[in-house]
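Both backbone and side-chain heavy atoms feed into the values below; hydrogens, waters and symmetry mates do not. Sequence lines set the chain letters: A, B, ... in the order given, protein chains first and strands last, and positions in each chain run from 1.
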Amino acid sequence: MTSLAQKLSGIVGDAFEAQGLDRAFGRVTVSDRADLAQFQCNGAMAASKAAKKNPREVAGGIVEILQKNTVFSKVEIAGPGFINLNVTDAFLAGHIQETGADDRAGVPDLGHNETVVLDYGGPNIAKAMHVGHLRAAIIGDAVRRIMKFAGYNTLGDVHMGDWGTHMGMLIYNYIARNETAVVENTDLSDQKSIDDLMEDMAERYPRSAAAAKEDKHLMELAQAATVKLQNKEEPYYSLWEKIRKVSVKGMEKNYTALGVHFDLWKGEADVHDYIAPMVDDLRAKNFAVESDGAWIVPVAQNDDKKEMPPLILYKRDGAVMYGTTDMATIVERVKLYNPAKMVYVVDQRQSLHFEQVFRAVRKGGIVRDDVELTHAGFGTMNGPDGKPFKTRAGGVMRLDDLITMAQERARARMDEAHVGEGMSADEKADIAHKVAIAAIKFADLQNARVADYVFDLDRLTSFEGKTGPYLLYQAVRIKSLLKKAEYDGKPPAFSLQDVDRPLALLLTELPDAVESALKNYAPHHLCEYAYRLAQGFSSFYGNCHILSETDVVLRNSRLALCALTNAQLELVLGLLGIQVPERM
RNA sequence: GCGCCCGUAGCUCAACUGGAUAGAGCACCUGCCUUCUAAGCAGGGGGUUACAGGUUCGAUUCCUGUCGGGCGCGCCA
């Protein structure tokens, strides 16, 4: 099954082929001009260029063929050679009937169970998660959900930063101050105890980092501690293990609150043992060479338009760089999962780094040529002043503070509208949470991935207009309506009138939206569709009164339209990582 | 200096491999809750798509240049 536009593309493509032209010219899209037609095909103009013919003449030949086809109620040429198309209500009704019966909502299997590993985490352990982690998590998780729905075997990896100098610095601080008990006494089964250590580290780390920056000797001691840790010396390693376990709990709490899922909770430390053999292999193949006392992989190519610095495997002092661990991570992923794709949802500013890593692993024969390596970069999050976002205190806003703030606003809105009355405290909290997360996620996801965007707290926690809560609200209205109507879910024959048609047409577009989002790693295409669908429903809802409809056939048809709308809305929101409450 | 990304309404953002009259939300103005949840609906004003050329039947989209903003360029991650 596919979208209606794709079905029509097949039919129009046949017509082009019958005229001796490439069937790709038959591509049909939803019309830009709803006042003129439902669908359009622009291929006649492109085809005429290739065939050196008059575009209206080419279009004429196509139209003549299409007019014989009974799925169309209108076929006409407009302007320089647009082919405008309307389908019959019977065909449209049949199509949405099929869509409703299909548990994939018409989306074909595009992934064929190929494995894809996705990176969209990357927080450092022992640090508080902040809003800088938001975009990767939200976009990456949406991409994962979309790919999974499209038929891929997806593996999201949190890939935390757990093996760098920051760990040596922190652990050295505990040891030097004789305060290792703070770590050792933390009870992993007690959330309060976990939170306490997280707070301690969140406060301790920046303090020790600042001190090390001031004092060269201190920095050397921290770096020495890092080496000891990486050699798994005691007590460094035990302290590190405990810190990592606690940090994972803290991260899980944040990601769970956001509704962001990871299949793998791996970190840089997990690939430590892959590094030495990998570098030995690269040396043996002469891809790794010594330069200025460091070991590097030159990745520059003759056709480079810019300077391409080499990837550094070992620094002069023998320590590894993050390019090294990224390469080793790829070694591990190939070995354990043999993925067809690896997708990195990471800040756009790291594009050079990923280019180096990708070139190095290809050159070194670590990944096959047919494995796709993609850096799906996203733009920087700026404050309203256009500069990277900072709170008034100068720091970055913590993730849990943002979520709490949004929840409080949701609760206030509920009280204002008197929707919480008679609900249990649990249900109220659940709704406030779903509304808050919907607001935050949709505000972020609706932006194009690559563009920088402004982090505006008011926008993230606003519930009116083009927002997540608006979408939830429409879905909730449908649920309430279906409940009141005691709708049984039996698929009736659709009876489409002028009020119904725009909504019915919208319901045919979902597979196109999913494919577009998938192909470009662009969840915002799905946001756009969800919003148009919700708007289409809201308009429909205002234009006809369903419960008082006396024509039984029409009433059932409209209820079925509502049910299908709700199903698609929940499906698309689910792909964006947004959950719909029962009422709000 | 070299390279990448960006510049669209007062603000925040869309526009699918070039298509018809460049769309939304917020803000502003006008209506609509005695029948399905007003977190809503209907309507209005608001644009030289930074600027100048070029390719094309057709350019926000592709090419060149200028201006403006962000970011990155071997031993941090």
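Contact annotation: side chain of K306(A) to base of G72(B), donor-acceptor pair absent below 3.5 Å. A donor-acceptor contact under 3.5 Å links the side chain of N84(A) to the base of A20(B).
Within the nucleic acid shown, D512(A) has no heavy atom closer than 4.0 Å to any nucleic acid atom. Using a 4.0 Å heavy-atom criterion, one finds that Q223(A) contacts no nucleic acid atom at all. Nucleic acid contact class of Y322(A) (heavy atoms, under 4.0 Å, all strands): base. When heavy atoms are screened at a 4.0 angstrom cut-off, A485(A) is found touching no nucleic acid atom at all. Within the 4.0 angstrom heavy-atom criterion, only backbone atoms of the sugar-phosphate kind lie near R459(A); the bases stay farther away. Within 4.0 Å (heavy atoms only), V299(A) reaches no atom of the nucleic acid at all. Among the heavy atoms of the strands, none lies under 4.0 Å from D456(A). When heavy atoms are screened at a 4.0 angstrom cut-off, K49(A) is found touching base atoms of the nucleic acid. The residue N124(A) sits apart from the nucleic acid: no heavy atom pair falls under 4.0 Å. In this structure, H524(A) reaches the sugar-phosphate backbone alone: every heavy-atom distance under 4.0 Å involves primed, P, OP1 or OP2 atoms, never a base. L36(A) comes within 4.0 angstrom of a base, heavy atoms only.
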Practice problem: Kindly determine whether V320(A) and V279(A) satisfy side chain to side chain contact (heavy atoms under 4.5 Å, CB included), including the steps that lead there. | Solution: CA-CA 11 Å; V320(A) 297; V279(A) 176; over 6 Å; no
Practice problem: Give the C-alpha distance, both sets of side-chain angles, the deciding distance and a yes or no for side-chain hydrogen bond (donor to acceptor under 3.5 Å, both in side chains) between Q356(A) and R359(A). | Solution: CA-CA 5 Å; Q356(A) 291 176 304; R359(A) 283 187 185 192; over 6 Å; no
Practice problem: For ring-ring contact (aromatic ring centres under 6.0 Å, His included), just list the numbers for F463(A) and Y473(A), CA-CA rounded to whole Å, side-chain angles, deciding distance to a tenth of an Å, and then say yes or no. | Solution: CA-CA 10 Å; F463(A) 308 143; Y473(A) 181 67; over 10 Å; no
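Dashed line: the shortest gap from a side-chain N or O of H353(A) to OP1 or OP2 of C73(B) is not under 4.0 Å. Close to A38(B), at under 4.0 Å from its OP1 or OP2, lies no side-chain N or O of Y470(A). Under 4.0 angstrom from either OP1 or OP2 of C41(B) there lies at least one side-chain N or O belonging to S538(A). Distances shown here put every side-chain N or O of R316(A) at or beyond 4.0 Å from the OP1 or OP2 atom of C75(B).
Ring geometry for F16(A) against F25(A) counts as tilted: the plane angle lies between 30° and 60°, on a 0 to 90° scale. Ring geometry, W163(A) versus W240(A): the interplanar angle exceeds 60°, so the pair is classed perpendicular (tilted spans 30 to 60°).
The separation of A20(B) from C36(B), taken at their C1' atoms, amounts to 39 Å, rounded to a whole angstrom. Annotation: U49(B) and U8(B) have their P atoms spaced 12 Å apart (nearest Å). The gap from the P atom of G1(B) to that of G65(B) amounts to 15 Å, rounded to the nearest Å. For the C1' atom pair drawn from A24(B) and C62(B), the interatomic distance equals 26 Å after rounding to whole Å. On the C1' atoms, U37(B) is 23 Å away from G43(B), given to the nearest whole Å. Nucleotides U48(B) and G23(B) have their P atoms positioned 15 Å apart, rounded to a whole Å. Rounded to the nearest Å, the gap between the P atom of C11(B) and that of C4(B) is 29 Å. To the nearest whole angstrom, the two C1' atoms, one in A27(B) and one in U12(B), are 11 Å apart.
The list of ring-ring contact (aromatic ring centres under 6.0 Å, His included) pairs with a residue in residues 288-323 of chain A, not counting sequence neighbours, reads Y322(A)-H353(A).
Results of the side-chain hydrogen bond (donor to acceptor under 3.5 Å, both in side chains) test with T461(A) over Q407(A), R409(A), E408(A) single out R409(A) as the only residue that passes.
With rounding to whole Å, D32(A) atom CG is found 14 Å from G58(B) atom C1'. Atom CG of L311(A) is separated from atom C1' of C76(B) by 14 Å (rounded to the nearest Å). Between L352(A) atom CG and C75(B) atom P there is a gap of 12 Å when expressed in whole angstrom units. Here the P atom of nucleotide A77(B) and the CE atom of M167(A) are 14 Å apart, to the nearest Å. One interatomic measurement links the two molecules: CE of M308(A) to P of C2(B), which rounds to 17 Å at whole-angstrom precision. Distance, D162(A) CG to A77(B) P: 13 Å, rounded to whole Å. Atom OH in Y314(A) sits roughly 17 Å away from atom C1' in G74(B) (whole-Å rounding). Whole-Å rounding puts the I478(A) CD1 to C41(B) C1' distance at 15 Å.
With hydrogens and angles ignored, the 3.5 Å screen pairs a side-chain donor or acceptor of R555(A) with a backbone N or O of L547(A). S31(A) contributes no side-chain N or O that, together with a main-chain N or O of Q38(A), makes up a donor-acceptor pair within less than 3.5 Å. Side-chain atoms of S9(A) come within 3.5 Å of backbone N or O of A5(A) as a donor-acceptor pair.
In terms of position along RNA chain B, the nucleotide closest to N42(A) lies nearer the 5' end than the nucleotide closest to the other residue of the pair Q350(A) and N42(A). When each of S516(A) and M45(A) is assigned the nucleotide of RNA chain B bearing its nearest heavy atom, the one mapping closer to the 5' terminus is S516(A).
Relative to the ring axis of Y453(A), R135(A) places its NZ or CZ within 45° and under 6.0 Å from the centre.
Other residues, nucleotides and ligands place no more than 12 heavy atoms under 6.0 Å from the CD atom of Q579(A).
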Quiz prompt | Pair assignment for RNA chain B - dot-bracket with | for other-strand partners, Watson-Crick or G-U under 3.5 Å | solution = (((((((..((((.....[...)))).(((((.......))))).....(((((..]....))))))))))))....
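Distance from the side chain of F82(A) is smallest to A20(B) among C73(B), C76(B), A20(B).
Remark: H525(A) NE2 to R449(A) CZ distance equals 10.0 Å, nearest 0.5 Å.
Glycosidic conformation at C36(B) (O4'-C1'-N9-C4 for purines, O4'-C1'-N1-C2 for pyrimidines): anti, more than 90° from 0.
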Quiz prompt | Footprint string (nucleotides 23-37 of chain B, 5' to 3'): B base within contact, S backbone only, - free, heavy atoms under 4.0 Å | solution = -SSS--------BBB
